[in-house]
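Reading through the C-alpha coordinates given below for one structure.
Every chain is numbered from 1, with letters handed out A, B, ... down the list of sequences.
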Amino acid sequence: MSTFGIQDIGVYIPDSGIDGCELGKKFNVDSEFIHKKLGFDYLRRKGSEQECSDLCVRAFEDLTVKVDNDAVDCDCVVVVTQNPDGGGIPHASAIVHRKLSLPSKTACFDVSLGCTGYVHGLSIICSFLEKNDMRKGLLFTSDPYSRVIDLEDRNSAMLFGDAASCTLISEQAVYCQGKTDYLMGSQYSQAIQVSSETGSLKMHGNQVFRFVAKEVPKQIRKCVSQNGLQMEDVDLFLVHQGSRYIVETLATSLQLPSEKVPFCASQVGNSVSSTLPLMLKEHVISSTGPANILMAGFGVGLSSTSTVLKRTCV
Amino acid sequence: MKTADEIREAVIHSIKKVTSRDDVMLENGGLFEDYALDSLDRMSIMIEVEIQLKVDFDDLDPGELNCINDYITCVQKL
(Lines give C-alpha, C1' and ligand atoms only; values in the text may rest on other atoms or scores of the structure.)
Protein backbone atom coordinates (compact mmCIF):
# COMPACT_ATOMS: atom_id res chain seq x y z
CA MET A 1 0.00 0.00 0.00
CA SER A 2 1.27 3.47 -0.88
CA THR A 3 2.35 5.67 2.02
CA PHE A 4 0.49 8.50 0.31
CA GLY A 5 -3.19 9.01 0.95
CA ILE A 6 -5.96 11.46 1.76
CA GLN A 7 -4.97 14.16 4.26
CA ASP A 8 -7.98 16.43 3.85
CA ILE A 9 -10.79 17.38 1.47
CA GLY A 10 -12.30 20.70 0.45
CA VAL A 11 -15.56 20.94 -1.47
CA TYR A 12 -17.60 23.46 -3.38
CA ILE A 13 -21.35 23.24 -3.84
CA PRO A 14 -22.92 26.18 -5.70
CA ASP A 15 -25.68 28.00 -3.80
CA SER A 16 -28.09 28.19 -6.67
CA GLY A 17 -29.88 25.42 -8.50
CA ILE A 18 -33.13 23.96 -9.78
CA ASP A 19 -35.96 22.45 -7.74
CA GLY A 20 -36.23 18.79 -8.76
CA CYS A 21 -40.01 18.62 -8.32
CA GLU A 22 -40.55 21.78 -10.36
CA LEU A 23 -38.43 20.29 -13.13
CA GLY A 24 -40.37 17.04 -12.85
CA LYS A 25 -43.66 18.83 -13.61
CA LYS A 26 -42.30 19.62 -17.05
CA PHE A 27 -42.01 15.89 -17.77
CA ASN A 28 -45.20 14.85 -15.93
CA VAL A 29 -43.10 13.13 -13.28
CA ASP A 30 -44.71 13.29 -9.84
CA SER A 31 -42.85 14.58 -6.81
CA GLU A 32 -43.02 11.20 -5.05
CA PHE A 33 -41.03 9.62 -7.88
CA ILE A 34 -38.55 12.49 -7.79
CA HIS A 35 -38.06 12.22 -4.03
CA LYS A 36 -38.28 8.46 -3.46
CA LYS A 37 -36.77 7.11 -6.66
CA LEU A 38 -34.49 9.64 -8.32
CA GLY A 39 -33.77 11.21 -4.95
CA PHE A 40 -32.69 14.60 -6.22
CA ASP A 41 -34.88 17.28 -4.63
CA TYR A 42 -32.50 20.03 -5.67
CA LEU A 43 -29.98 20.12 -8.52
CA ARG A 44 -27.07 22.53 -8.04
CA ARG A 45 -26.04 24.77 -10.90
CA LYS A 46 -22.85 26.76 -11.29
CA GLY A 47 -23.11 30.36 -12.39
CA SER A 48 -23.13 30.89 -16.13
CA GLU A 49 -19.79 32.69 -15.89
CA GLN A 50 -18.13 29.88 -13.90
CA GLU A 51 -15.91 27.35 -15.61
CA CYS A 52 -14.62 23.98 -14.43
CA SER A 53 -11.44 25.63 -13.06
CA ASP A 54 -13.47 28.20 -11.08
CA LEU A 55 -15.23 25.38 -9.23
CA CYS A 56 -11.81 23.85 -8.50
CA VAL A 57 -10.60 27.16 -7.06
CA ARG A 58 -13.62 27.37 -4.75
CA ALA A 59 -13.03 23.79 -3.53
CA PHE A 60 -9.38 24.67 -2.93
CA GLU A 61 -10.45 27.71 -0.88
CA ASP A 62 -12.59 25.44 1.29
CA LEU A 63 -9.58 23.17 1.81
CA THR A 64 -7.21 25.98 2.76
CA VAL A 65 -9.58 27.25 5.44
CA LYS A 66 -8.48 24.15 7.35
CA VAL A 67 -4.98 23.27 6.23
CA ASP A 68 -3.56 26.77 5.60
CA ASN A 69 -1.64 27.81 2.55
CA ASP A 70 1.00 25.14 2.99
CA ALA A 71 -1.17 23.14 0.60
CA VAL A 72 -0.24 25.66 -2.08
CA ASP A 73 3.29 24.31 -2.03
CA CYS A 74 2.19 21.23 -3.92
CA ASP A 75 4.14 19.19 -6.41
CA CYS A 76 1.28 17.90 -8.50
CA VAL A 77 -2.22 18.93 -9.58
CA VAL A 78 -4.64 16.48 -11.17
CA VAL A 79 -8.07 17.60 -12.39
CA VAL A 80 -10.64 14.91 -13.11
CA THR A 81 -13.10 16.31 -15.62
CA GLN A 82 -14.81 15.68 -18.93
CA ASN A 83 -16.05 19.25 -19.09
CA PRO A 84 -12.89 21.38 -18.93
CA ASP A 85 -12.79 25.15 -19.47
CA GLY A 86 -13.59 26.43 -22.93
CA GLY A 87 -12.66 23.98 -25.64
CA GLY A 88 -10.38 21.89 -23.44
CA ILE A 89 -7.04 23.43 -24.47
CA PRO A 90 -5.16 24.28 -22.35
CA HIS A 91 -5.94 21.59 -19.82
CA ALA A 92 -8.03 22.60 -16.83
CA SER A 93 -5.20 21.80 -14.40
CA ALA A 94 -3.00 24.38 -16.14
CA ILE A 95 -5.70 27.01 -15.65
CA VAL A 96 -6.14 25.99 -12.00
CA HIS A 97 -2.36 26.27 -11.60
CA ARG A 98 -2.46 29.86 -12.89
CA LYS A 99 -5.51 30.89 -10.87
CA LEU A 100 -3.98 29.53 -7.64
CA SER A 101 -0.51 30.97 -8.43
CA LEU A 102 1.06 27.59 -7.79
CA PRO A 103 4.84 27.15 -8.06
CA SER A 104 6.41 26.41 -11.44
CA LYS A 105 7.72 23.04 -10.20
CA THR A 106 4.13 21.72 -10.03
CA ALA A 107 3.21 18.96 -12.49
CA CYS A 108 -0.29 19.46 -13.88
CA PHE A 109 -2.46 17.13 -15.90
CA ASP A 110 -6.12 16.25 -16.42
CA VAL A 111 -7.79 12.88 -16.27
CA SER A 112 -10.76 12.42 -18.59
CA LEU A 113 -13.10 10.19 -16.61
CA GLY A 114 -16.65 10.42 -15.37
CA CYS A 115 -18.12 8.82 -12.26
CA THR A 116 -15.15 6.48 -11.67
CA GLY A 117 -12.75 9.42 -11.81
CA TYR A 118 -12.17 9.94 -8.09
CA VAL A 119 -11.14 6.34 -7.45
CA HIS A 120 -8.90 6.27 -10.53
CA GLY A 121 -7.54 9.70 -9.61
CA LEU A 122 -6.50 8.63 -6.12
CA SER A 123 -4.55 5.72 -7.51
CA ILE A 124 -2.91 7.88 -10.20
CA ILE A 125 -1.84 10.76 -7.97
CA CYS A 126 -0.53 8.58 -5.13
CA SER A 127 1.57 6.58 -7.60
CA PHE A 128 2.77 9.74 -9.34
CA LEU A 129 3.88 11.38 -6.10
CA GLU A 130 5.70 8.25 -4.97
CA LYS A 131 7.42 7.65 -8.31
CA ASN A 132 8.71 11.23 -8.49
CA ASP A 133 9.79 11.66 -4.86
CA MET A 134 7.20 14.36 -4.37
CA ARG A 135 5.56 15.44 -1.12
CA LYS A 136 2.11 16.81 -1.80
CA GLY A 137 -0.51 16.77 -4.48
CA LEU A 138 -4.00 18.12 -5.11
CA LEU A 139 -6.64 15.91 -6.69
CA PHE A 140 -9.58 17.92 -8.04
CA THR A 141 -12.92 16.67 -9.32
CA SER A 142 -14.99 19.18 -11.25
CA ASP A 143 -17.35 18.05 -13.96
CA PRO A 144 -20.09 20.64 -14.51
CA TYR A 145 -22.61 18.59 -16.47
CA SER A 146 -24.89 21.62 -16.65
CA ARG A 147 -22.75 22.49 -19.69
CA VAL A 148 -24.00 19.46 -21.59
CA ILE A 149 -27.46 18.76 -20.17
CA ASP A 150 -30.42 19.18 -22.48
CA LEU A 151 -33.16 20.46 -20.16
CA GLU A 152 -35.75 19.01 -22.55
CA ASP A 153 -34.35 15.48 -22.18
CA ARG A 154 -36.22 13.67 -19.40
CA ASN A 155 -33.60 10.89 -19.22
CA SER A 156 -30.88 13.20 -17.95
CA ALA A 157 -32.33 16.60 -17.01
CA MET A 158 -33.52 15.49 -13.56
CA LEU A 159 -30.30 13.81 -12.46
CA PHE A 160 -27.19 15.95 -12.56
CA GLY A 161 -25.90 18.71 -10.32
CA ASP A 162 -22.68 20.74 -10.32
CA ALA A 163 -20.09 20.47 -7.54
CA ALA A 164 -16.34 20.14 -7.10
CA SER A 165 -13.80 18.78 -4.66
CA CYS A 166 -10.14 19.24 -3.83
CA THR A 167 -8.34 16.42 -2.01
CA LEU A 168 -4.96 17.03 -0.41
CA ILE A 169 -2.74 14.01 -0.92
CA SER A 170 0.32 13.56 1.28
CA GLU A 171 2.11 11.14 3.59
CA GLN A 172 0.18 12.66 6.52
CA ALA A 173 -2.77 10.62 5.36
CA VAL A 174 -5.96 9.97 7.29
CA TYR A 175 -7.00 7.33 4.76
CA CYS A 176 -4.81 5.25 2.47
CA GLN A 177 -6.07 3.43 -0.58
CA GLY A 178 -5.94 -0.34 -0.64
CA LYS A 179 -6.27 -2.57 -3.68
CA THR A 180 -8.55 -1.33 -6.43
CA ASP A 181 -10.62 -3.34 -8.87
CA TYR A 182 -11.42 -2.08 -12.36
CA LEU A 183 -14.20 -3.23 -14.66
CA MET A 184 -14.90 -2.06 -18.21
CA GLY A 185 -18.14 -2.68 -20.09
CA SER A 186 -17.25 -0.90 -23.30
CA GLN A 187 -19.94 -2.77 -25.25
CA TYR A 188 -22.19 -0.17 -23.56
CA SER A 189 -19.96 2.79 -24.38
CA GLN A 190 -22.87 4.57 -26.06
CA ALA A 191 -25.04 4.32 -22.94
CA ILE A 192 -23.78 7.68 -21.65
CA GLN A 193 -22.39 9.98 -24.30
CA VAL A 194 -22.36 13.53 -25.52
CA SER A 195 -23.85 13.69 -28.99
CA SER A 196 -21.47 15.10 -31.57
CA GLU A 197 -24.48 16.55 -33.39
CA THR A 198 -26.18 18.38 -30.53
CA GLY A 199 -23.39 18.66 -27.98
CA SER A 200 -25.87 17.38 -25.38
CA LEU A 201 -25.67 14.45 -23.01
CA LYS A 202 -27.66 11.37 -23.99
CA MET A 203 -28.28 8.53 -21.58
CA HIS A 204 -29.66 5.06 -22.07
CA GLY A 205 -30.86 4.65 -18.50
CA ASN A 206 -31.86 1.00 -18.84
CA GLN A 207 -28.40 -0.06 -19.99
CA VAL A 208 -26.74 1.92 -17.23
CA PHE A 209 -29.03 0.47 -14.58
CA ARG A 210 -28.57 -3.10 -15.85
CA PHE A 211 -24.79 -2.72 -15.82
CA VAL A 212 -24.75 -1.30 -12.31
CA ALA A 213 -27.29 -3.70 -10.79
CA LYS A 214 -25.62 -6.78 -12.27
CA GLU A 215 -21.91 -5.94 -12.14
CA VAL A 216 -21.24 -3.54 -9.27
CA PRO A 217 -22.33 -5.80 -6.37
CA LYS A 218 -20.06 -8.57 -7.69
CA GLN A 219 -17.18 -6.13 -8.02
CA ILE A 220 -17.67 -4.73 -4.53
CA ARG A 221 -17.59 -8.21 -2.99
CA LYS A 222 -14.49 -9.05 -5.04
CA CYS A 223 -12.73 -5.85 -4.00
CA VAL A 224 -13.48 -6.40 -0.31
CA SER A 225 -12.01 -9.90 -0.59
CA GLN A 226 -8.94 -8.65 -2.51
CA ASN A 227 -8.23 -6.37 0.43
CA GLY A 228 -8.29 -9.28 2.88
CA LEU A 229 -11.57 -8.25 4.42
CA GLN A 230 -14.99 -9.76 4.96
CA MET A 231 -18.08 -7.71 4.11
CA GLU A 232 -18.77 -7.24 7.83
CA ASP A 233 -15.29 -5.73 8.31
CA VAL A 234 -16.28 -2.78 6.12
CA ASP A 235 -17.82 -0.01 8.21
CA LEU A 236 -19.17 2.11 5.38
CA PHE A 237 -19.91 1.67 1.69
CA LEU A 238 -19.73 4.94 -0.22
CA VAL A 239 -21.12 4.32 -3.68
CA HIS A 240 -21.52 6.76 -6.52
CA GLN A 241 -24.73 8.73 -6.08
CA GLY A 242 -26.25 8.00 -9.48
CA SER A 243 -29.75 8.11 -8.01
CA ARG A 244 -31.43 7.11 -4.76
CA TYR A 245 -32.84 4.05 -6.50
CA ILE A 246 -29.43 2.84 -7.68
CA VAL A 247 -27.92 3.30 -4.22
CA GLU A 248 -30.82 1.44 -2.59
CA THR A 249 -30.65 -1.31 -5.22
CA LEU A 250 -26.97 -1.85 -4.40
CA ALA A 251 -27.69 -1.90 -0.65
CA THR A 252 -30.41 -4.50 -1.16
CA SER A 253 -28.27 -6.58 -3.46
CA LEU A 254 -25.39 -6.53 -0.98
CA GLN A 255 -27.82 -7.28 1.88
CA LEU A 256 -26.66 -4.21 3.77
CA PRO A 257 -28.70 -1.73 5.82
CA SER A 258 -29.20 1.70 4.27
CA GLU A 259 -27.11 3.31 7.04
CA LYS A 260 -24.09 1.46 5.68
CA VAL A 261 -24.80 2.50 2.08
CA PRO A 262 -26.01 6.09 2.46
CA PHE A 263 -27.68 8.28 -0.12
CA CYS A 264 -26.51 11.84 0.54
CA ALA A 265 -27.06 13.71 -2.73
CA SER A 266 -30.67 14.83 -2.43
CA GLN A 267 -29.70 18.50 -2.20
CA VAL A 268 -26.93 18.42 -4.82
CA GLY A 269 -27.75 15.98 -7.61
CA ASN A 270 -25.46 13.50 -9.29
CA SER A 271 -22.22 15.49 -9.39
CA VAL A 272 -20.35 12.80 -11.37
CA SER A 273 -16.77 12.33 -10.04
CA SER A 274 -17.50 14.61 -7.07
CA THR A 275 -20.18 12.46 -5.37
CA LEU A 276 -17.61 10.28 -3.56
CA PRO A 277 -15.35 13.04 -2.15
CA LEU A 278 -18.42 15.05 -1.13
CA MET A 279 -19.49 12.14 1.08
CA LEU A 280 -15.99 11.23 2.19
CA LYS A 281 -15.15 14.68 3.52
CA GLU A 282 -17.05 14.36 6.81
CA HIS A 283 -15.28 11.08 7.61
CA VAL A 284 -11.85 12.51 6.88
CA ILE A 285 -12.30 15.47 9.23
CA SER A 286 -13.94 13.38 11.96
CA SER A 287 -11.64 12.07 14.66
CA THR A 288 -13.73 8.92 14.81
CA GLY A 289 -14.13 8.11 11.14
CA PRO A 290 -14.77 4.53 9.98
CA ALA A 291 -11.75 2.19 9.93
CA ASN A 292 -12.56 0.63 6.55
CA ILE A 293 -14.50 2.34 3.78
CA LEU A 294 -15.43 0.72 0.48
CA MET A 295 -15.71 3.27 -2.30
CA ALA A 296 -17.30 2.43 -5.66
CA GLY A 297 -17.61 4.67 -8.70
CA PHE A 298 -19.48 3.63 -11.82
CA GLY A 299 -20.89 5.20 -14.95
CA VAL A 300 -19.48 6.59 -18.20
CA GLY A 301 -17.69 3.93 -20.22
CA LEU A 302 -19.53 2.03 -18.99
CA SER A 303 -17.07 1.36 -16.22
CA SER A 304 -16.93 0.55 -12.56
CA THR A 305 -14.10 0.95 -10.07
CA SER A 306 -14.04 -0.09 -6.43
CA THR A 307 -11.43 0.42 -3.77
CA VAL A 308 -10.98 0.19 -0.02
CA LEU A 309 -9.82 3.10 2.09
CA LYS A 310 -8.12 2.18 5.36
CA ARG A 311 -7.87 4.68 8.19
CA THR A 312 -4.31 5.19 9.33
CA CYS A 313 -5.06 6.70 12.73
CA VAL A 314 -7.92 4.59 14.16
CA MET B 1 -38.52 -24.47 -22.38
CA LYS B 2 -39.82 -22.77 -19.26
CA THR B 3 -43.51 -23.33 -18.58
CA ALA B 4 -45.97 -20.48 -18.18
CA ASP B 5 -46.37 -21.38 -14.50
CA GLU B 6 -42.62 -21.26 -13.89
CA ILE B 7 -42.38 -17.86 -15.55
CA ARG B 8 -45.39 -16.53 -13.66
CA GLU B 9 -43.90 -17.72 -10.39
CA ALA B 10 -40.58 -16.02 -11.19
CA VAL B 11 -42.29 -12.74 -12.06
CA ILE B 12 -44.43 -12.77 -8.91
CA HIS B 13 -41.37 -13.58 -6.80
CA SER B 14 -39.48 -10.73 -8.44
CA ILE B 15 -42.29 -8.24 -7.84
CA LYS B 16 -42.42 -9.25 -4.18
CA LYS B 17 -38.67 -8.81 -3.85
CA VAL B 18 -38.50 -5.46 -5.62
CA THR B 19 -41.55 -3.92 -3.93
CA SER B 20 -41.09 -5.62 -0.54
CA ARG B 21 -44.74 -6.72 -0.68
CA ASP B 22 -45.74 -10.02 0.93
CA ASP B 23 -48.83 -10.49 -1.19
CA VAL B 24 -48.94 -9.93 -4.93
CA MET B 25 -52.36 -10.53 -6.50
CA LEU B 26 -51.86 -10.06 -10.21
CA GLU B 27 -53.56 -11.87 -13.07
CA ASN B 28 -51.40 -12.85 -16.03
CA GLY B 29 -53.04 -10.12 -18.09
CA GLY B 30 -53.04 -7.48 -15.34
CA LEU B 31 -51.01 -4.42 -16.28
CA PHE B 32 -47.96 -3.56 -14.16
CA GLU B 33 -48.83 0.09 -14.61
CA ASP B 34 -52.14 -0.47 -12.80
CA TYR B 35 -50.25 -2.20 -10.01
CA ALA B 36 -48.30 1.00 -9.30
CA LEU B 37 -45.05 -0.37 -10.69
CA ASP B 38 -43.03 2.50 -12.11
CA SER B 39 -40.30 2.34 -14.76
CA LEU B 40 -37.50 1.73 -12.25
CA ASP B 41 -39.43 -1.03 -10.49
CA ARG B 42 -40.03 -2.69 -13.83
CA MET B 43 -36.35 -2.50 -14.69
CA SER B 44 -35.45 -4.18 -11.40
CA ILE B 45 -38.14 -6.82 -11.86
CA MET B 46 -36.75 -7.65 -15.29
CA ILE B 47 -33.25 -8.10 -13.89
CA GLU B 48 -34.59 -10.24 -11.04
CA VAL B 49 -36.52 -12.43 -13.48
CA GLU B 50 -33.31 -12.90 -15.47
CA ILE B 51 -31.60 -14.12 -12.32
CA GLN B 52 -34.51 -16.37 -11.31
CA LEU B 53 -34.91 -18.01 -14.72
CA LYS B 54 -31.24 -17.80 -15.82
CA VAL B 55 -32.18 -15.97 -19.01
CA ASP B 56 -30.85 -12.80 -20.62
CA PHE B 57 -33.18 -10.15 -22.02
CA ASP B 58 -30.18 -8.30 -23.45
CA ASP B 59 -31.21 -4.77 -24.50
CA LEU B 60 -34.96 -5.31 -24.22
CA ASP B 61 -36.76 -2.22 -22.95
CA PRO B 62 -38.68 -3.18 -19.79
CA GLY B 63 -41.43 -0.89 -21.09
CA GLU B 64 -42.22 -3.66 -23.58
CA LEU B 65 -43.08 -6.07 -20.78
CA ASN B 66 -46.40 -4.75 -19.51
CA CYS B 67 -47.87 -7.83 -17.84
CA ILE B 68 -47.01 -11.40 -16.85
CA ASN B 69 -48.27 -12.69 -20.19
CA ASP B 70 -45.65 -10.53 -21.93
CA TYR B 71 -42.96 -12.21 -19.85
CA ILE B 72 -44.33 -15.66 -20.70
CA THR B 73 -44.30 -14.87 -24.42
CA CYS B 74 -40.87 -13.25 -24.31
CA VAL B 75 -39.12 -15.93 -22.22
CA GLN B 76 -40.56 -18.77 -24.26
CA LYS B 77 -39.19 -17.14 -27.43
CA LEU B 78 -35.64 -16.95 -26.04
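At most 12 non-hydrogen atoms from other residues, nucleotides or ligands lie less than 6.0 angstrom from NZ of A/K36. Annotation for A/Q193: atom CD counts as buried by contact number, over 12 foreign heavy atoms lying within 6.0 Å. Crowding of A/K179 atom NZ: a count of heavy atoms from other residues, nucleotides or ligands under 6.0 Å not exceeding 12. Heavy-atom neighbours of B/E33 CD from other residues, nucleotides or ligands within 6.0 Å: at or below the threshold of 12. Within 6.0 Å of atom CD in A/Q187, more than 12 heavy atoms from other residues, nucleotides or ligands are found, so the atom counts as buried in its surroundings. Atom NZ of B/K17 is surrounded by 12 or fewer heavy atoms from other residues, nucleotides or ligands within 6.0 Å.
In this structure, the separation between OH on A/Y245 and CG on B/D38 is 7.0 Å, given to the nearest 0.5 Å. Atom CG of A/L38 and atom CG of B/L40 lie 6.5 Å apart (nearest 0.5 Å). Separating the CD1 atom in B/I51 from the OG atom in A/S253 is a distance of 7.0 Å, to the nearest 0.5 Å.
Taking the side chain as every heavy atom from C-beta outward, A/H204 and B/D59 never approach each other to under 4.5 Å.
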Could you check B/M46 against A/N206 for side chain to side chain contact (heavy atoms under 4.5 Å, CB included), going step by step and ending with a plain yes or no? CA-CA 11 Å; B/M46 193 169 105; A/N206 290 338; over 6 Å; no
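When the heavy atoms of residues 210-237 of chain A are compared with those of chain B, the residues falling under 4.5 Å are A/R210, A/A213, A/K214, listed by number.
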